[in-house]
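I have a structure here, written as structure tokens, and I will follow up with some questions on it.
Because only heavy atoms are used, hydrogens play no part in the values below, and waters and symmetry mates are left out as well, while side chains stay in.
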Amino acid sequence: MSLLSTLADRVLGPRVPDWELPHPVPPGVVIRRNRLIPAIGGFFIGGSRRPAGAVTLGRTILWNADCPVTDDLIVHELVHVEQWKDDPLFALKYCAEWFRHGYYENPFEKVAYARQREYAAQKPKSVSPRP
């Protein structure tokens, strides 16, 4: 394991292995278990007293280590990965929209929740585990 990889594991948390993921992620996207950043995200950005289920920073999804990894939330967070990729100023724009509209009315969150609902409506009621 490289020094950079070891440092990332220490700071951002360990990677969630692909075999544990209920939904595939694109190449280059990493899901890590983390407690601190989702707690900060839930308290400050989400406006709740609970930690967020996950927070996306670029191509890294920081999953709340106390929450199960679900396919619906992966789909939601992958929208944020796309938003980061499409706009280098995404983080600033996200914060500006959050200040203007709050979390649930933030246009970036509305897009992510809409995609999450579309996915949930299309999936079978009982999803078999990935092979």
Next on the checklist: Tell me if a side-chain donor or acceptor on Arg32 pairs with a main-chain N or O of Gly13 at a distance below 3.5 Å.
Outcome noted: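 Checking the backbone N and O of Gly13 against the side chain of Arg32, a donor-acceptor pair under 3.5 Å is found.
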
Item to check | Test item: Trp84 side-chain N/O and Thr56 main-chain N/O as donor-acceptor pair under 3.5 Å | outcome: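 Such a contact is found between Trp84 side chain and Thr56 backbone.
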
Checklist entry - What are the two closest heavy atoms between Gly41 and Ala52, and how far apart are they? => result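 Closest approach of Gly41 to Ala52: C-CB, 4.4 Å.
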
Checklist entry - Will you find, in the side chains of Tyr103 and Glu109, an N or O donor that is under 3.5 Å from an N or O acceptor? => result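 Distance-only check passes for Tyr103 and Glu109.
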
Item to check | Heavy-atom closest contact (Glu77 atom, Ala54 atom, distance) | outcome: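 The answer is OE2-O, 3.5 Å.
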
Checklist entry - Measuring from Gln116:CD to Ile74:CD1, what's the distance to the nearest 0.5 Å? => result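 Between Gln116 CD and Ile74 CD1, I get 11.0 Å after rounding to 0.5 Å.
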
Item to check | Check: His101 and Pro107 side chains under 4.5 Å, non-hydrogen atoms | outcome: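 In short, these two side chains touch, coming nearer than 4.5 Å.
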
Checklist entry - Is Lys85 salt-bridged to Glu82, cutoff N-O under 4.0 Å? => result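 No, this pair does not count.
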
Item to check | Heavy-atom check, side chain of Asp66 versus side chain of Pro51, under 4.5 Å | outcome: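 In short, these two side chains do not touch, never coming nearer than 4.5 Å.
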
Item to check | Side-chain heavy-atom pair Phe108, Phe90 within 4.5 angstrom cut-off | outcome: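 A side-chain contact under 4.5 Å exists here.
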
Next on the checklist: Check Glu118 with Lys123, please: is the shortest side-chain N to carboxylate O separation under 4.0 Å?
Outcome noted: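 A salt bridge is absent here (no side-chain N lies under 4.0 Å from a carboxylate O).
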
Item to check | Trp63 (side chain) donor-acceptor with Val55 (main chain) under 3.5 angstrom | outcome: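 Not confirmed, Trp63 side chain does not pair with Val55 backbone.
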
Next on the checklist: Given 3.5 Å as the limit, does a donor-acceptor pair link the side chain of Asn34 with the main chain of Leu12, or not?
Outcome noted: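 Yes.
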
Checklist entry - How about His23 and Tyr119: are their ring centroids closer than 6.0 Å? => result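 Between His23 and Tyr119, the centre distance is under 6.0 Å.
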
Item to check | Residues His80 and Gln83: side-chain donor-acceptor under 3.5 angstrom | outcome: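 A donor-acceptor contact under 3.5 Å links the two side chains.
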
Checklist entry - About how many Å separate CZ of Arg50 and SG of Cys67, when rounded to the nearest 0.5 Å? => result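 These two atoms lie 8.5 Å from each other.
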
Next on the checklist: Quick check against the 3.5 Å criterion: does Arg59 have a side-chain atom that pairs as donor or acceptor with the backbone of Pro27?
Outcome noted: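 Yes; judged by distance alone, with no hydrogens or angles, the pair exists.
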
